[in-house]
Amino acid sequence: MPEPVILVRGGGDLGSGVVMRLRHVGLPVVVAEIDQPLVVRRAVAFAEAVYEGIVRVEDLTARHATPDEIPAVLQRGEIPVVVDPRVQLRHDPRFRLLALVDARLTKQEPDLGLEAAPLVIGLGPG
């Protein structure tokens with residue numbers, strides 16, 4: 001059976017807070033980011049892993065990864081951060097999406113509908 005994951009779009013401070021809570025209750029989380037994250041509070045954002053390769057926020061470590069590397073990163077107890085702006089990972093048969101959380105705060109109409117995952121949650125305006 002494919003690996004179950006929660007996919008969080010956006011690893012800024014809001015998305016990172018969501019990721020931290022989900023990980024602290026034991027859920028597997030993957031962060032989907034753009035190739036140059038637009039993060040203001042970089043010291044508290046898992047998106048920083050795209051730039052630095054690895055980042056630690058409080059007690060959790062996030063690592064920039066390719067889709068092929070996700071299972072190994074999860075196995076180490078780390079949070080994979082993948083560059084996947086169109087969230088193509090949701091179509092990857094190696095993973096089973098439990099939920100999709102959009103934490104990007106784009107202030108625009110969502111580009112994905114409720115059919116994108118079994119549970120879709122949008123945070124912030126729009």
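Under a hydrophobic clustering in which Ile, Leu, Val, Met, Phe, Trp and Tyr are joined whenever their side-chain heavy atoms come within less than 4.5 Å, directly or via other members, L7 and V19 fall into different clusters. Neither L22 nor V120 shares a network with the other; the hydrophobic side chains, linked directly or stepwise wherever heavy atoms of I, L, V, M, F, W or Y lie under 4.5 Å apart, form separate groups for each. By the rule that hydrophobic residues join a cluster once side-chain heavy atoms approach within less than 4.5 Å of another member, I121 and L112 end up as members of separate clusters. Linking ILVMFWY side-chain heavy atoms closer than 4.5 Å, directly or via other members, places L14 and V29 in a single hydrophobic cluster. Clustering ILVMFWY residues whenever any of their side-chain heavy atoms sit less than 4.5 angstrom apart, transitively, puts L100 in a cluster other than the one holding L123.
R90 places a side-chain N or O within 3.5 Å of a backbone atom of V87 that can act as its donor or acceptor partner. Remark: the backbone N or O of G11 is paired with a side-chain donor or acceptor of E33 at under 3.5 angstrom. A donor-acceptor distance shorter than 3.5 angstrom exists from the side chain of R9 to the backbone of P85, with no hydrogens or angles considered. The backbone N or O of A45 sits nowhere less than 3.5 Å from a side-chain atom of E48 that would complete a donor-acceptor pair.
Between V30 and V8, every side-chain heavy-atom pair lies at or beyond the 4.5 Å cut-off. Side chains of L74 and V5 form a contact here, defined as non-hydrogen atoms less than 4.5 Å apart. Put simply, the side chain of F95 reaches to within 4.5 Å of the side chain of P71, judged on heavy atoms.
Going from atom OG of S16 over to atom CZ of R21 covers 15.5 Å, rounded to the nearest 0.5 Å.
For the pair P80 and V73, the tightest heavy-atom approach, listed with the atom from each and the gap, is N-CG1, 3.7 Å. What you find for L97 and A117 is that their closest heavy atoms are CD2-CB, 3.7 Å. Of all heavy-atom pairs spanning P118 and L98, the tightest one is CB-O, 3.9 Å. The minimum heavy-atom distance between E69 and H64, with the atom names listed, is OE1-O, 4.3 Å. Heavy-atom minimum distance, P67 versus R94: CB-NH2, 3.6 Å. Contact record, L89 with D84: N-OD2, 2.9 Å, taken as the closest heavy-atom pair.
Taking a 4.5 Å side-chain heavy-atom cut-off between Ile, Leu, Val, Met, Phe, Trp and Tyr, the cluster of L38 extends to I34.
Within a 6.0 Å radius of CZ in R41, other residues, nucleotides and ligands contribute 12 heavy atoms or fewer.
At a threshold of 4.0 Å, the pair R86-D111 does not count as salt-bridged, since none of the basic side-chain nitrogens sits closer than that to a carboxylate oxygen.
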Please tabulate, for side-chain N and O atoms in residues 49-57, each donor-acceptor pair with protein atoms closer than 3.5 Å (sequence neighbours left out).
from, atom 1, to, atom 2, distance (Å)
Y51, OH, P37, O, 2.9
R56, NH1, T61, OG1, 2.6
R56, NH2, D59, O, 3.3

